[in-house]
S.K.: 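Okay, handing you the structure first.
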Amino acid sequence: MSRSKVLVGGALVVIVALQAGVAFAKPLTPKQWKKQGNAICTATNAKIAAIEGDVFAGTSDDAEPTDEQIQAFVVEFVPVID
C-alpha cells in the first residue's frame, strides 16, 4: 500500500474518531456555554484589534483609510471571523 493511502486512511480514522467524540460529548450547561462563548469573543476581538493596529498603524483616527488598507484588513479579518 502506498504511503499516501496509509496517510489518508489514518487521517480519516482520526476525523471519524474526533467526530464520534463530539457526538457523544455531554452538552454544555448554559454557564459553560456562556463562558466558552465569552472566551472565543475575547480571543477574536484581540486578534481583530491586532490586525487593525498592524494595517492602520500610523493613520490618524479621523483619516479615511486607503483602498489598500481596507483590502489588507479584509484579507486578514475574514479568516479570523470564519
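Numbering of residues begins at 1 and proceeds along the displayed sequence.
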S.K.: Going by the side-chain hydrogen bond (donor to acceptor under 3.5 Å, both in side chains) test, which pairs reach into residues 27-51, not counting sequence neighbours?
M.R.: Thr29-Gln32
S.K.: If Ile, Leu, Val, Met, Phe, Trp and Tyr residues are connected whenever their side-chain heavy atoms lie under 4.5 Å apart, and connections chain through other members, are Ile81 and Ile51 in the same group?
M.R.: yes
S.K.: Could you pull out all residues at least two apart from Glu52 that satisfy side-chain contact (heavy atoms from CB on, under 4.5 Å)?
M.R.: Phe56, Phe73
S.K.: For side chain to side chain contact (heavy atoms under 4.5 Å, CB included), just list the numbers for Ile70 and Thr66, CA-CA rounded to whole Å, side-chain angles, deciding distance to a tenth of an Å, and then say yes or no.
M.R.: CA-CA 6 Å; Ile70 293 171; Thr66 65; over 6 Å; no
S.K.: Got a second to check how far Glu76's CD is from Asp54's CG, nearest 0.5 Å?
M.R.: 8.0 Å
S.K.: Compare every heavy atom of Ala63 with every heavy atom of Thr59, then report the nearest pair and how far apart it is.
M.R.: CG2-CB, 3.8 Å
